[in-house]
Amino acid sequence: SYDHDPHPVMDVAEALGPGAGGGRDAAYASIGAYAANPSGWTAIGDGIELGKARLDAASGYDQKAMVVMTDGKETAAKYISEVADTVVNEKVFAIGLGEPAQIEPAALDALTSGTGGYLLMTGNLSTDDTFLLTKYYLQILAGVNNNDIILDPDGWIGAGQTVRIPFEVAESDIEITGVVLALATFVLDFALETPDGDLIGEAFAASDPSVAFRRAQQTMHLRASLPVLVGGRPAHQGRWHLVLKVNRKH
């Protein structure tokens with residue numbers, strides 16, 4: 001964090017699953033306990049410098065990347081220009097929270113340029129943008145892992161409805177992950193439908209180690225290594241569907 005001088009919030013840690021006591025849980029707790037200083041200066045370069053030091057100290061990772069998010073202009077040293085050269089050996093992504101006039105997109109673009117990362121701007125957020133930042137982070141995570149986002153739809157689902165979202169999987173794909181963002185995931189049933197019409201859902205994941213299902217309050221995902229065997233039939237390339245419906249129990 002850099003709402004004046006930089007201060008560490010937590011060290012780099014393996015994420016693990018929700019409730020498993022890993023870095024994901026520690027991040028939730030650290031963010032929840034953090035109290036920002038509204039009167040603090042915005043020293044983005046200070047935050048980058050400290051973040052870089054924490055990344056350098058983390059060992060055992062094949063790839064490292066930095067995400068810099070800010071909602072304001074630089075108002076104190078160190079500035080981005082003073083530290084940008086120190087992060088050239090990492091991918092750097094930047095998220096500007098707000099309109100360009102409120103931030104300094106040129107400085108953030110200079111920070112990410114040539115690193116393999118990029119700059120994203122939210123603009124003015126509305127109620128329709130509830131999950132925009134989450135989607136930005138998922139997009140960045142996909143880029144860091146050399147994955148591709150096949151489809152990024154949005155919409156509404158009501159009681160009694162079933163939504164089927166088609167997407168194409170190539171023979172060269174070795175893994176697929178369906179991700180759902182919702183205000184309350186516990187009211188939804190979520191599955192992937194293979195090209196042969198078989199459903200892979202939470203129950204299937206519990207019995208097949210090649211499939212993983214995770215659910216949190218506002219996100220859930222289902223990841224399958226390809227090909228996946230369903231009823232003795234391998235499912236791989238072709239048209240898949242992400243299937244959502246409201247859980248009648250709720």
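Within the 4.5 Å cutoff, the side chain of Y2 has no heavy atoms near those of the K78 side chain. The shortest side-chain heavy-atom distance between Q139 and L120 falls under the 4.5 Å cut-off. A heavy-atom distance below 4.5 Å is not found between the side chains of L242 and L222. In this structure the side chain of P8 reaches within 4.5 angstrom of the side chain of R54, judged on heavy atoms. With a 4.5 Å cut-off on side-chain heavy atoms, Y137 and I95 count as touching. Annotation: side chain of F204 is in contact with side chain of V228 (closest heavy-atom distance under 4.5 Å). Within the 4.5 Å cutoff, the side chain of V144 has heavy atoms near those of the F93 side chain.
Between the side chain of T115 and the backbone N or O of V92, at least one donor-acceptor pair lies under 3.5 Å.
More than 12 heavy atoms of other residues, nucleotides or ligands sit less than 6.0 Å from atom CD of Q161. No more than 12 heavy atoms of other residues, nucleotides or ligands lie within 6.0 Å of CG in D154, so this atom counts as exposed by the packing criterion. Around the CD atom of Q237, the shell of radius 6.0 Å holds more than 12 heavy atoms that belong to other residues, nucleotides or ligands. Under a cut-off of 6.0 angstrom, the local environment of CG in L229 is crowded, with over 12 non-hydrogen atoms contributed by other residues, nucleotides or ligands.
Under the salt bridge (Lys or Arg N to Asp or Glu O under 4.0 Å) criterion, E74 pairs with no residue at all, not counting sequence neighbours.
Listed here is the closest heavy atom pair of R215 and T185: NH1-O, 2.6 Å.
A side-chain N or O of D208 and one of S210 form a donor-acceptor pair less than 3.5 Å apart.
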